[in-house]
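The structure appears right after this line, and notes come after that.
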Amino acid sequence: MAAASAVASTVSAISNHVAAGHLFAAIDALPACSASSLLPPSLYASLLRLATSRRSLAAARRVASHLASSSSSSPSTSISSTPTFLFNRAIESLAACGSLADAREMFDAMPRRDGGSWNAIISASSRAGHPAEALSLFADMNSLGIRPKDVTLASVLACCAECLDLRGAQQLHGHMAKRDFQSNVILGTALVDVYGKCLVLTDARRVFDGILQPNDISWNVIIRRYLLAGMGDMAVHMFFRMVWAGVRPLVYTVTHAMLACRDNGALKEGRCIHTFVLRHGYEHHVHVRSSVVDMYAKCGDIDAAQRLFNLAPKKDVVMSTSVVSGLAACGRFADAKRVFDGMEQHNLVSWNAMLTGYVKSMDLTGALDLFQQMRHETKELDVVTLGSVLNACTGLLDLGKGEELHALALKFGLFSYPFLMNALVRLYSKCGCLRNAERLLLFEMGSERDRFSWNSLISGYERHSMSEAALHALREMQSEAKPSQSTFSSALAACANIFLLNHGKQIHAYMIRNGYDIDDILQSALVDMYSKCRLFDYSSRIFELGLSNDVILWNSMIFACAYNSKGDYGLELFDEMRKQGIRPDSVTFLGALVSCISEGHVGLGRSYFTLMTDEYSIVPRIEHYECMIELLGKHGYMVELEDFMDHMPFEPTTAMWLRIFDCCREYGNSKLGERAAQRINDSKPLTPVVFVESTPDYECSGSDDAEPMSFC
DNA sequence: CTAGGGTTAG
């Protein structure tokens with residue numbers, strides 16, 4: 001009797017402390033363990049609830065250990081007096097206060113477990129970020145023959161999603177089918193999410209269609225999964241069905257639908273959803289607004305994007321960044337810069353958007369300057385930043401700056417990003433540091449290298465006259481990656497450089513055997529390779545394969561004629577292409593001029609030069625002037641040559657003077673010849689020249705002699 | 001849960 005009244009007063013003391021929110025006072029009032037089995041379970045439950053709401057692990061531990069010891073200290077009866085549900089609450093509380101380890105210890109130590117215990121520890125593990133552990137507990141539970149409750153299934157499904165455990169999800173699907181759970185909105189939706197996350201959208205859709213009353217969350221899940229799986233068209237389709245079914249979309253469902261339109265370039269549908277947004281009051285949500293602006297910017301209606309942006313009362317970073325990149329993408333570069341400069345603040349993404357804008361618009365020094373400014377204003381940078389700036393360096397062939405960026409990448413721990421590594425391989429390849437490029441590709445990229453890395457390396461070798469190395473790299477590449485058209489185009493150029501006809505033929509045959517499409521680029525690479533290897537007939541057969549209106553292919557063929565002493569045929573092609581309405585470019589004219597030189601068509605060549613400058617407004621390059629000098633000089637048009645030179649927009653180069661010098665000596669033009677000699681000597685050559693007219697028995701072509709020009 | 005990259009070739 002006395003014991004009972006003591007317990008009663010303890011209980012009321014603890015209850016009062018709990019009611020007053022004095023958690024630790026309540027715990028301190030707990031009696032010694034031996035007597036506590038008499039305390040009512042609801043008291044423990046309220047203590048645990050309070051500990052959980054305070055997130056106090058210390059309190060939860062004390063209550064839990066009190067429970068555990070009072071349970072084990074009553075061995076008199078074979079059945080513990082502490083109800084299992086209290087242990088379950090303790091497990092939940094310990095986990096909620098942040099210690100999964102304590103929860104697990106309690107779970108392992110408890111005398112009896114029911115479905116609730118398993119559910120408690122499984123959801124605790126799942127929530128604590130240990131989905132694999134939760135799944136293995138779930139398997140243990142199954143093997144004991146304990147039937148999971150619907151809540152347990154929901155949390156296990158979430159774990160499968162987390163672990164991308166498709167097989168697990170399929171097994172759960174089986175469980176659910178047996179118990180007719182799949183039409184349940186919550187479980188059905190969870191299953192849709194797992195299948196969607198594992199990218200089996202057909203199964204996700206089948207489950208979705210089996211849900212009796214899909215709610216806004218179910219619709220959101222299927223739409224989101226279609227979007228993330230890259231099936232934007234289906235996401236948009238489902239959005240319209242959702243609206244049609246009379247379910248009001250969640251805010252994020254609207255943004256997902258908008259993003260799906262953006263990904264698909266679906267401007268029409270995007271406009272439609274924009275109208276929906278305005279009509280149903282979603283337009284005040286920042287993310288919705290941003291997604292609409294972004295949709296317009298990406299789908300090519302940049303004016304609509306800018307209009308909305310200008311009307312927006314608050315222009316946040318995200319929306320401004322969308323507009324900046326949209327403007328930059330469509331070439332309205334100055335406008336992009338204006339918006340960028342008008343932004344209240346920049347973050348990493350907005351800096352990057354502007355940087356890539358500069359690179360896209362080919363203002364590469366502008367990109368480097370902006371990067372400089374960025375480094376002053378923020379410490380942040382990432383792979384995108386470095387990738388863009390590296391692209392700028394590559395374009396500028398600025399190896400020094402590129403190396404600095406490489407060092408910076410290492411300093412920021414940004415290695416092993418294939419995108420960045422490929423940018424570095426490209427930089428080093430383009431700049432001729434093939435050793436560095438090769439080292440990166442072979443030793444640092446490991447299995448991360450792909451066909452882009454190899455292609456950069458191979459084209460680097462080819463362009464830097466290391467044709468054998470290019471072909472060797474092609475072999476290496478073939479054992480791990482499928483070469484692309486561009487790979488072969490570099491390889492063919494390499495064969496052409498060193499006249500490896502058989503190798504070139506093999507590549508040609510390989511491409512045909514393996515079904516590669518021989519496009520304009522490959523066609524011209526083949527024309528080039530065969531013509532340099534003196535198989536002119538092959539070149540013209542390749543050329544005549546298809547009627548192409550690609551200038552560069554025509555150029556290759558015209559040069560093929562020139563290499564193979566068929567200048568007149570090349571000039572016919574030149575006329576033919578103009579007849580077909582193909583606009584010649586500066587390379588075409590170069591080919592025409594070269595043909596005129598070899599065929600001795602001085603007047604024609606002069607008229608082509610005029611045609612190029614006057615009719616086609618092509619600014620002649622140094623090579624064109626060299627051709628004209630050669631054309632006039634080689635055929636003895638000395639008066640015209642002197643006149644031509646006097647009208648050049650720049651001072652002839654030393655190489656030009658040297659050629660003029662030779663021509664003057666051959667054809668006898670002492671006035672110009674002496675002038676040439678003077679210019680040559682002004683450039684301080686190792687061997688000064690003196691102008692003396694050629695005697696008939698002097699052989700000009702013997703110019704390999706030690707002192708070809710000074711025979712004073 | 002909204003914004004930034006995407007490579008290679010004649």
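First the proteins, then the strands, lettered A, B, ... as listed; each starts at 1.
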Tell me: [atom1] of [X] to [atom2] of [N], nearest whole Å?
{"X": "Arg426(A)", "N": "dA9(B)", "atom1": "CZ", "atom2": "C1'", "answer": "14 Å"}
{"X": "Leu390(A)", "N": "dG4(B)", "atom1": "CG", "atom2": "P", "answer": "21 Å"}
{"X": "Leu474(A)", "N": "dA9(B)", "atom1": "CG", "atom2": "P", "answer": "15 Å"}
{"X": "Met319(A)", "N": "dG4(B)", "atom1": "CE", "atom2": "C1'", "answer": "17 Å"}
{"X": "Gln485(A)", "N": "dG10(B)", "atom1": "CD", "atom2": "C1'", "answer": "12 Å"}
{"X": "Leu553(A)", "N": "dA9(B)", "atom1": "CG", "atom2": "P", "answer": "18 Å"}
{"X": "Asn220(A)", "N": "dT2(B)", "atom1": "CG", "atom2": "P", "answer": "12 Å"}
{"X": "Met477(A)", "N": "dA9(B)", "atom1": "CE", "atom2": "P", "answer": "12 Å"}

Among [options], which nucleotide sits nearest the side chain of [X]?
{"X": "Lys360(A)", "options": "dA9(B), dG6(B), dC1(B)", "answer": "dG6(B)"}
{"X": "Ser486(A)", "options": "dA3(B), dG6(B), dT8(B)", "answer": "dT8(B)"}
{"X": "Thr356(A)", "options": "dA3(B), dA9(B), dG4(B)", "answer": "dG4(B)"}
{"X": "Asn391(A)", "options": "dG4(B), dT7(B), dG6(B)", "answer": "dG6(B)"}
{"X": "Asn422(A)", "options": "dG4(B), dG10(B), dT7(B)", "answer": "dT7(B)"}
{"X": "Phe452(A)", "options": "dT8(B), dG4(B), dG10(B)", "answer": "dT8(B)"}
{"X": "Asp528(A)", "options": "dA3(B), dT8(B), dG10(B)", "answer": "dG10(B)"}
{"X": "Lys298(A)", "options": "dG4(B), dT2(B), dT8(B)", "answer": "dG4(B)"}
{"X": "Asp519(A)", "options": "dG6(B), dA9(B), dA3(B)", "answer": "dA9(B)"}
{"X": "Lys430(A)", "options": "dT2(B), dA9(B), dC1(B)", "answer": "dA9(B)"}

> Under 3.5 Å, is there a donor-acceptor pair between the Thr588(A) and Asp585(A) side chains?
Replying inline: yes
> How about Ser489(A) and Ser486(A): does a side-chain donor come under 3.5 Å of a side-chain acceptor?
Replying inline: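 On atom types as modelled, these side chains do not qualify, holding no pair under 3.5 Å.
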NA contact type, [X], heavy-atom cut-off 4.0 Å: base, sugar-phosphate, or nothing?
{"X": "Ser322(A)", "value": "sugar-phosphate"}
{"X": "Asn347(A)", "value": "base"}
{"X": "Asp382(A)", "value": "base"}
{"X": "His256(A)", "value": "base"}
{"X": "Thr255(A)", "value": "nothing"}
{"X": "Ser490(A)", "value": "sugar-phosphate"}

> Does Arg621(A) make a cation-pi contact with Phe589(A) (under 6.0 Å, within 45 degrees of the axis)?
Replying inline: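 Judged by the rule, Arg621(A) and Phe589(A) form no cation-pi pair.
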Table please: side-chain donor-acceptor pairs of residues 503-514 of chain A below 3.5 Å, with sequence neighbours left out.
from: His508(A); atom 1: ND1; to: Tyr530(A); atom 2: OH; distance (Å): 2.8
from: Asn514(A); atom 1: ND2; to: Tyr510(A); atom 2: O; distance (Å): 2.8

>> Can you tell me which residue among Phe340(A), Tyr358(A), Phe371(A) is in a ring-ring contact (aromatic ring centres under 6.0 Å, His included) with Trp351(A)?
In response: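 Single pass found, and it is Phe340(A).
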Taking 4.0 angstrom as the limit, do [X] and [Y] come out as a salt bridge?
{"X": "Lys337(A)", "Y": "Asp341(A)", "result": "yes"}
{"X": "Arg248(A)", "Y": "Asp216(A)", "result": "no"}
{"X": "Asp303(A)", "Y": "Arg307(A)", "result": "no"}

>> With a 4.0 Å limit, can you tell me whether Ser459(A) has a side-chain N or O closer than that to the phosphate oxygens OP1/OP2 of dA9(B)?
In response: yes
> Distance check: side-chain N/O of Arg463(A) vs OP1/OP2 of dA9(B), anything under 4.0 Å?
Replying inline: yes
> Among residues 334-346 of chain A, which contact DNA chain B at a heavy-atom distance under 4.0 Å?
Replying inline: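 The answer is none.
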> Sequence neighbours excluded, which residues qualify as side-chain hydrogen bond (donor to acceptor under 3.5 Å, both in side chains) partners of Lys298(A)?
Replying inline: Asp294(A)
